Every structure is written in structure tokens, then in C-alpha cells.
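Take a look at the structure below.
Predicted model only: the values in this text are computed from it and were never measured. Chain letters run A, B, ... following the sequence lines, proteins first and then strands; every chain starts at 1.
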Amino acid sequence: MQGIQFKNVSKFYEEGDSEFTALNNVSISVNPGEFVAVVGPSGSGKSTFLSIAGALLQPSKGNVMINGTNLKDLKSIELAKLRLEEIGFILQTSNLVPYLHVLDQLLVVKKMKGSITAEDKRYAKELLEEVGLGNKVKKYPDQLSGGERQRTAIARAFINDPNIILADEPTASLDSQRAFEIVELISKGVKSRNKAAIMVTHDERLLTYCDKVYQMLDGNLELMKKQPLTNH
Amino acid sequence: MFLALKELKHAKLRFFMIGMILVLISWLVFILSGLGNGLSSLSASSFKKMDAEFVVFEEGSRHSMLRSVISDDMTKDLKALPNVEDAAPMGYRSAVVLKENVTSDDEKIDVSLLGIHPGSFLEPEVIEGHSLEKGKNTEVIVNDSLKNQGIHIGDTLEIEGSTEVITVVGFVKNESFNHLPAILMTMDHWRTIHFAAPGSDMGINNPVNAIMLQGKQINPDEVNQAIEGIETTTKKEAINGIPGYTAENGTIMMMLAFLMAISAVVITVFFYVLTLQKSNQFGIMKAIGASNAFLGRAVVSQVFLLAVVSIGFGILLTYGTAAILPDEMPFALDLKLVFSYAIVLLIVSVLSSLFSVRKITKIDPLQAIGRIE
């Protein structure tokens, strides 16, 4: 089965003597081509949810399937490989490697897998062209604006052609116009490349780009009523 | 290598500074090794070069030429022992020589007088002039460093405190003993100088200081049992018995060891702090799929590159220094020695970086996801 599935996933943290429930029996399925948003106040369990979806954290209970693979069965080195090949992360801004220029930000991901081919370079340039950075491939992160850094991160998330795209507050430090552009770019990439995407955000203005919106509250995930897609 | 090179290029100043420290340390290591090598050959080159495996001293002399007097008569007995291929005696005393007819005290030269039998395996090849000859007792061959003091072939030298004179007939290379350039002479003549005072030979017939033995299979215990009143040691122990040799070498070795330790600590701390600084960055790269091996290789290859370049510069600087050092300095760079210290430094550097690698493996990729609830 393609995409990402949570089946009755719970996550508990020990806090002294008591147990804290970060995720409570969460089930969700995101199929290829679907762009899903998870909103909720801070402390609601959004990050825990995203960390589990991103194979960074193992759930206490339940199963997580990514592209038909149950994460429970994987060792940490296999999890790293799965993250590399199946998951594209778009993190908060300035999460680029400071000493790599824009093109290398993408190529380093290829390098983690093995060697860089001419085809990889061509694809990386194509992706950067797509996010509007075609003329900035040799710029370093400190020479880019916040929006441009985030565009680089988007292109980086797509470079390995993963099946899952996970975005963690991708617009956290951007003004509204930049924020809309960024989410639109993610949405376009997800649709045109048929990826299953989850975006965690607290910015409700952006939800118009998403197919489904879930709300996270005290570890419980609930589907909100469907938002009309205004610009499609 | 990808990350390592890109970062080296990007943060030039940072890596230049740590590289400088490595250059200075390796420079000092090579200079010290050259100095140590020079000193030890000055101290014992005549011993080190001789083609012998074992040395026979007087019993109780604790491997010192100065304390040992034995009779040359036992040389033929030693030769007759099993496994002994050849044996030849040597005598040593330090002396001050002066060119004849020179009155100024500035021209006095400190030397080691070594008595040998002409034609024995202890006689080094001359690089100029001719070798010692039996019967021509006043003829000597001298170390070529004496040329710097204005000594030429044919010069006659007076020996202070003695009425004997000697004539230089040849030069040899790298012959010094007890930090002084060697003058090699016939055993007979050496004896007349060394045992000039009546009774100073303690009644020993044909006295010498030590007898060198050739033969790899020699068992020193058997030799000691066969002949009374002697102790047999390996050449290495005999070299260590030369006054000051172990102390000098020990000091230099200690300094070298400290330098190695310092460079290990400097590299460890520098890259560890750098790794701590970059832990968020490493976390992100792990989150997007970098394995520990990938990131670890980046750090190790970075240290490797930095060390190779820095040590290379250190070697260049060392040879530059060697070129301007005065000739009298006991400084002898040995390519093999420089190379082996370079390898040791490189290994120490790379091993030090493993500390950072360990830290990297412990970085949790979770920290890339902003806040952990």
C-alpha cells in the first residue's frame, strides 16, 4: 500500500511517576497525491506526530506503515535509509547546511546515497528552476532570503523522489505573501509528482491549499470539515 | 569527502588556524627528531656504525668503555669460541689536540681518541687519504668534521698532556664518540698515550677497553662462562652505556611524546567543540537520511586532509630550517625518521577525530524537528 498509514498509534512519555500521553490512538491514512494539514496549538502532539511519521521516533503502541513498510520492523540504520529514500523533509527555516551552496544542498542528499551523477545534477537544477532559484544555484544560505532558503528546502525534499513529503511549520518565519508562495510550491510539487504529503502548521490561512485538514488536540487527531479549495 | 572539502573551503580561516597549530607542532616534532638523531650519532656514531654484534667489557664495568680495562690477549681466545666469527679490540680516551706550532688556545680541539688494530673490521673506510698501517704508529685518520677546524691531510697535531704527536693521513665520515669527533689511531700508539703513567695499566698485558665480537649467533652467557672476568653485551646495550646517551635520548623522546599528546589533545578538543557547535546541523542531516557513517567519514576525512597538508608544510619548513642551521649543530634529518614521525602524527590526528565521531553517533535526529513535546 502506497503513502503513509497510522493505525491506532499512541506515544507515551514518562514524566516522573506519571505517564504523559502525547499521541492517543491516532489513525490516519494519506495517499499519494494527497496534501494533508495537521493543525493544533503547541503542546498538542503535532511534533510527536510528525516525528513518528518521519521515522525519527518509534511509537509506544500501534503501527506506522510507510509505503507498505512497517517501521517497527526496522533497525536504526534501516530507518536512516528509509528516511533518505522515502521521506522528504521540509523543516523550519535556516535548516540548510551553512557551507553548501544551493545546488550542493540538494546534491549532498544524493551523496548520502552514493555518488552524484550528471543526471542528478540535471534533476537538481530542474527542481531549483521549478522553485524559482534557477539563477541562485551558487548562493550560500546566508546570501538568501528566508523565502529562498525555504524554496531550497522544498527542492531538497524532492531530490530523492521520495513517496512522502513531511513539512514542519514550513512558513514559521515568513510573511503572509511568502508563506502563501511556499505552501503553493509544496502543493504543486505534491500534486505534479503524486506524493503523499503532511504539513504541520498553526497558520490557518494556508489550509486552503490542503485536501484535508486534521486537528490535533491533546494527542487526539480529528478530521475537520473539508475546506473549499479557492485557487484550483 | 564531499562535506569535508566543501566545509574546508568555506571556513578557511577557522581551519587555517587549527592547521597552523598542526604545522607548528609537526615542525617542532621533526626538528626535535633531527636534533635527537644528530645528538645520538654525535654521541655514538662510531659504535653504531661498527660492524659488530656484541661487545666484551671487563666484569663489573656496567657496559662502559671508561670503566673497563681488559687484555688484548683474550682476543684470540674469543675468536676461538663457537659462533664468534671475528673479534677486534678498541680503546678510548678523550683528548685535546692542537695543531703543531699554533700557540693560540682558541685552536684547541676536543676529540675522542680511538685505538684500533689497523686492518681490523673496526677500521672505517677513508674518504680521503689512506688507511692506518701497522707499525706507522704516529699516523691517524680523523673525522671529516675536523676540516672545519682547519685540519688538512699531512697536518701534525700535538696532544695536550702528552709528548706524543700524530700526523693526519686520512679522513673518515661520521665517526664520533661521546659527542666528540673521533681520531682513530693504532692500538699501540693509543696505549702509549692512555697508559703513559707507570702502573696505570694495572698490570694488564696489552690493555684495551673493550673487544668487539662479530657473529649473530653468539650467546653472551656462553662467552662469559668461557673466559673469566668479562661481561658480554649486545651492541645496543653498549651504546646505551655511553655516558649521557640514554639521558639525552630519553629527554628528546619525552619531548616528542609530549608533542604527540599535545597534538592529540588539540585536535580532539578543536573538532569536538566544532562538532558540538554543529550538532543541530548534523541532526538535520540525520533527519533527512544521513547515516552515522556518512557524517563520521566527513569528520575523519576532514582531519585527515588537514593533517596531511599541515604535516607536509611542517616537513617543508623543517628542511628549510635544516638548510640554514649552522654545520656545527648536531642536526641530522633522516628521511626514514621524518617519514615515520609524520605517519605517527597522522595516525594520532585521525584517532583524535574518532572522539568527535562518537559524539556524532549520539546526536538525535529528532532535534531537527523544532520542538519536542
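- Interface residue A:P98: backbone and side-chain heavy atoms are both found under 4.5 Å from chain B.
- Remark: A:L96 CG to B:M285 CE distance equals 10.5 Å, nearest 0.5 Å.
- The number of heavy atoms from other shown groups lying within 6.0 Å of NZ (B:K359) does not exceed 12.
- To the nearest 0.5 Å, atoms CZ (B:F2) and CE (A:M112) are separated by 9.5 Å.
- Within the model, atoms NE2 of A:H101 and NE2 of B:H10 stand 11.0 Å from one another, a figure rounded to the nearest 0.5 Å.
- A 4.5 Å side-chain heavy-atom check between B:L8 and A:Y99 finds every atom pair outside the cut-off.
- Using a 4.5 Å cut-off between heavy atoms, A:I116 contacts chain B through its side chain alone, with no backbone atom that close.
- Proximity of A:L84 to B:F294: side-chain heavy atoms (C-beta onward) are nowhere separated by under 4.5 Å.
- Within the 3.5 Å criterion, the main-chain N or O of B:I288 finds no donor-acceptor partner in the side chain of A:R83.
- Chain A forms the most heavy-atom pairs under 4.5 Å with one residue out of B:A287, B:A293, B:A290, and that residue is B:A287.
- Only the side chain of A:L57 comes within less than 4.5 Å of a heavy atom of chain B; its backbone N, CA, C and O stay farther away.
- More than 12 heavy atoms of other residues, nucleotides or ligands lie within 6.0 Å of CD in A:E19, so this atom counts as buried by the packing criterion.
- Applying the side chain to side chain donor-acceptor pair (under 3.5 Å) criterion to A:N194, with sequence neighbours excluded, gives no partner residue.
- For A:L50, the part sitting under 4.5 Å from any heavy atom of chain B is the side chain, from C-beta outward, and nothing else.
- Residues A:K81 and B:S291 fail the side-chain proximity criterion, which asks for heavy atoms closer than 4.5 Å.
- For A:N160, no part sits under 4.5 Å from any heavy atom of chain B, backbone or side chain.
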